[in-house]
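Source: prediction; values computed, not measured. By convention in this document, chain letters (A, B, ...) are assigned in the order of the sequence lines, proteins followed by strands, and residues within each chain are numbered from 1.
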Amino acid sequence: MNIMVDSSDELRVAERSFSSRLLIGTGKYRDFEETAAAAEASGADIVTVAVRRVNISNPGEPVLMDYLDPSRFTYLPNTAGCFTAEDAVRTLRLAREVGGWDLVKLEVLWDHATLYPNMLETLTGAEILIKEGFKVMVYCSDDPVMAKRLEDIGVHAIMPLGAPIGSGLGIQNKVGIRLIVEQSSVPVLVDAGVGTASDASEAMELGCDGVLMNTAIAEAKNPVQMAVAMRYAVKAGRNAYLAGRMQRKLYADPSSPLSGLI
Amino acid sequence: MEITLNGEKFTLETGSNIVNLIDKLDLNADKLAIERNLEIVPKSKFAMTIIEEGDKLEIVHFIGGGEE
């Protein structure tokens, strides 16, 4: 029997294929060596990166690109720390200029306490970016109405939060995420809120196309080992989703036949 | 002349272009992007872009980041 496993089940975003459905952030690690080891162990093809000022007082200091080869990993520039559409668009224009990347992650935040997405600014920013030819993956609320609006204006992936960024609380609104998955014809990825491997599996079992995480790996006691756990959790959840789970039942149903009992 | 570079005052020889500035800072042009007075300067125009007194320049690159 030919069982469909990972190699034939690629993530397709913006007409590109990726073998891993796990996307990882590259912040919060102890050093670049640990970042690189975790990225390697996770099996991720896509890594998010932030755009920041060069430290002009120390030009020789090591940079991320020395440790994560951009020809091996797809850099997904993000707009972390942006609270207006204007700032986010400005950041991604600069990101495109660094290396020509047009696949980007838009996130426009509401406030520092929750880092909840400001959907009005997010929609404004997405519209501008799409007009300028960017392929936009969007961090958004778990609201199916907003997700539909994003799809209608032409975003390439919808990435609802599972729980607040960096909280590790796991998926709080399974119904919302599932509704978004069912209605969307672009990939849906849970972005933010994953705390441990079962959260990643749960996202995939809900039918998501992928999971993006950072803190769950970076703040684990052993980040590289957690990266391995996440790699398999995403695959396990994906295969469980594709396999189709059994029906839930109220009463027991024996696995061994009752006929022929002595 | 004085310019503002990444939010701080910076002194530069009059008539310098972007390539001169990158060399002076010992940076690698392949790994950065530059904004001059809120407008991106394409890499192809670094050599022909003369920096002027009072210009506001931002030089950025990629750092590790997830969400924040």
Portion of Y29(A) that has a non-hydrogen atom of chain B nearer than 4.5 angstrom: neither
Distance (rounded to the nearest 0.5 Å) between T26(A) OG1 and F62(B) CZ: 10.0 Å
Other residues, nucleotides, ligands: >12 heavy atoms within 6.0 Å of Q225(A) CD: no
Salt-bridge criterion met for K43(B) and E97(A) (N-O under 4.0 Å): no
Other residues, nucleotides, ligands: >12 heavy atoms within 6.0 Å of E61(A) CD: yes
Residue part contacting chain A, namely of N28(B), when any heavy atom lies under 4.5 Å: neither
Least distance between heavy atoms, R90(A) atom then E58(B) atom: NH2-CG, 3.9 Å
Atom CD of E86(A) with >12 non-hydrogen neighbours under 6.0 angstrom: no
Spacing of I56(A) atom CD1 and D26(B) atom CG [to the nearest 0.5 Å]: 13.0 Å
Engaged part of A95(A) at the chain B interface, taking heavy atoms whose separation is under 4.5 Å: both
Ionic contact status for E35(B) with R93(A), cut-off 4.0 Å: no
Residue, of L64(A), L94(A), V51(A), that accumulates the most heavy atom pairs under 4.5 Å with chain B: L94(A)
Interatomic spacing from CG in L27(B) to CG in N55(A) - rounded to 0.5 Å: 9.5 Å
Note, L32(B) side chain near V98(A) side chain (heavy atom, < 4.5 Å): no
Pairwise side-chain contact, I63(B) with V49(A), heavy-atom cut-off 4.5 Å (strictly under): no
Check: K31(B) and V63(A) side chains under 4.5 Å, non-hydrogen atoms: yes
Interface moiety of L5(B) toward chain A, non-hydrogen atoms closer than 4.5 Å: both
N6(B) side chain to V54(A) backbone, donor-acceptor under 3.5 Å: yes
Chain A contact via I40(B) - which portion, at a heavy-atom distance below 4.5 Å: side chain
